[in-house]
Amino acid sequence: MSEVSLEKSVGEILRLVGEDPNREGLLKTPERVARALQFLTKGYAEDPKTVINGAMFVEDYSEMIVLKDLDFFSLCEHHILPFFGTAHVAYIPKHRIVGISKLARLVEVYARRLQVQERLTTQIANMLMDELDPLGVAVVLRAEHLCMRMRGVEKQNSVVVTSAMLGVFRSHQETRQEFMTLVNSVNAR
Ligand SMILES: [Zn+2]
């Protein structure tokens, strides 16, 4: 979407909520909101496959690789309000591994779109499963949703936890348990 029409629409929203878009404090608001929205949804312009494919390499390693406590920020698609928290991503390679920083980038690409937490979780897991062809993938997201907290829908301070367990993480309880223990250890949030 062009920034100009986004700006115009934000101006219209300001009017509709009862504001005067011409008062001094709001003069630059449409421009700022348009820019912020484009940043917060920049994941649409990025291809998650490209993120992974550019950094895969063949490696004879078959232990669990875990990226834990990764902060993420997303927008719920129902209210366009933030939900944010921590992501934990793990996989057990079969023949390919990927740079750890790319796991973080992958989470970022999917999070910077309008999302529901459940889909964000499975998209990350499925993409890794498809591209790395590992023995298994596990993704756990813990997040608070401002659309619930600010509107008083749910108990305050409630955290939503979603998970996707594929391959050996699904079929082997021990593997799943090892992952959950790692994720819950030390600075569990
Ligand atoms: Zn919502």
Side-chain angles (χ1 to χ4, degrees), residues 1-21 25-26 28-49 51-52 67-90 102-130 137-166 169-170 176 179-180 183-184 187-189:
M1 198 187 307
S2 85
E3 208 158 305
V4 177
S5 61
L6 252 181
E7 269 182 55
K8 269 185 146 175
S9 307
V10 174
E12 187 58 24
I13 289 170
L14 289 176
R15 249 186 302 279
L16 291 169
V17 298
E19 263 296 353
D20 168 15
L26 291 179
K28 290 201 156 179
T29 296
E31 184 191 324
R32 289 195 198 96
V33 174
R35 238 186 292 132
L37 259 182
Q38 282 191 326
F39 176 79
L40 297 173
T41 57
K42 68 191 167 89
Y44 288 116
E46 296 173 293
D47 180 5
K49 257 188 200 175
V51 169
I52 297 292
L67 175 65
K68 60 176 273 185
D69 296 328
L70 176 74
D71 289 330
F72 77 89
F73 299 85
S74 191
L75 291 173
C76 92
E77 68 181 18
H78 302 132
H79 306 93
I80 316 189
L81 286 171
F83 69 95
F84 56 94
T86 50
H88 313 287
V89 181
K102 301 300 172 183
L103 295 179
R105 281 273 296 124
L106 183 66
V107 172
E108 171 88 1
V109 167
Y110 282 123
R112 297 295 189 194
R113 301 175 178 193
L114 300 186
Q115 281 286 7
V116 295
Q117 187 178 331
E118 294 85 344
R119 189 174 65 232
L120 177 57
T121 310
T122 54
Q123 280 180 332
I124 297 163
N126 289 338
M127 178 58 70
L128 287 172
M129 201 67 192
D130 290 348
V137 172
V139 177
V140 170
L141 302 188
R142 292 195 173 96
E144 43 187 305
H145 292 241
L146 290 189
C147 65
M148 294 198 287
R149 296 192 58 178
M150 292 182 76
R151 300 186 314 136
V153 176
E154 295 280 319
K155 285 198 190 81
Q156 294 296 304
N157 299 317
S158 65
V159 170
V160 178
V161 182
T162 49
S163 71
M165 303 285 159
L166 304 177
F169 287 93
R170 179 182 286 270
R176 191 163 60 238
F179 167 68
M180 292 313 289
V183 158
N184 290 321
N187 49 345
R189 288 189 242 178

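Count residues from 1 along the sequence. Read the numbers this way: they start at 1 and go in the same order the structure lists the ligands and their atoms. Quantities reported herein were computed from a predicted structural model and do not represent experimental measurements.
- Contacts of D47 classified as side chain to side chain donor-acceptor pair (under 3.5 Å), with partners at least two apart in sequence or in another chain: T50.
- Side-chain contact annotation: Q115 with S74, donor-acceptor N/O pair under 3.5 Å absent.
- By the criterion of a separation under 2.8 Å, the protein N/O/S atoms near the Zn ion (ligand 1) amount to C76 SG, H79 ND1, C147 SG.
- Heavy-atom neighbours of K42 NZ from other residues, nucleotides or ligands within 6.0 Å: above the threshold of 12.
- Judged as a side chain to side chain donor-acceptor pair (under 3.5 Å), and not counting sequence neighbours, the contacts of R112 are E108.
- Evaluation of the side chain to side chain donor-acceptor pair (under 3.5 Å) rule for R32 yields no partner, not counting sequence neighbours.
- For F72 and F84, the gap between ring centers reaches or exceeds 6.0 Å.
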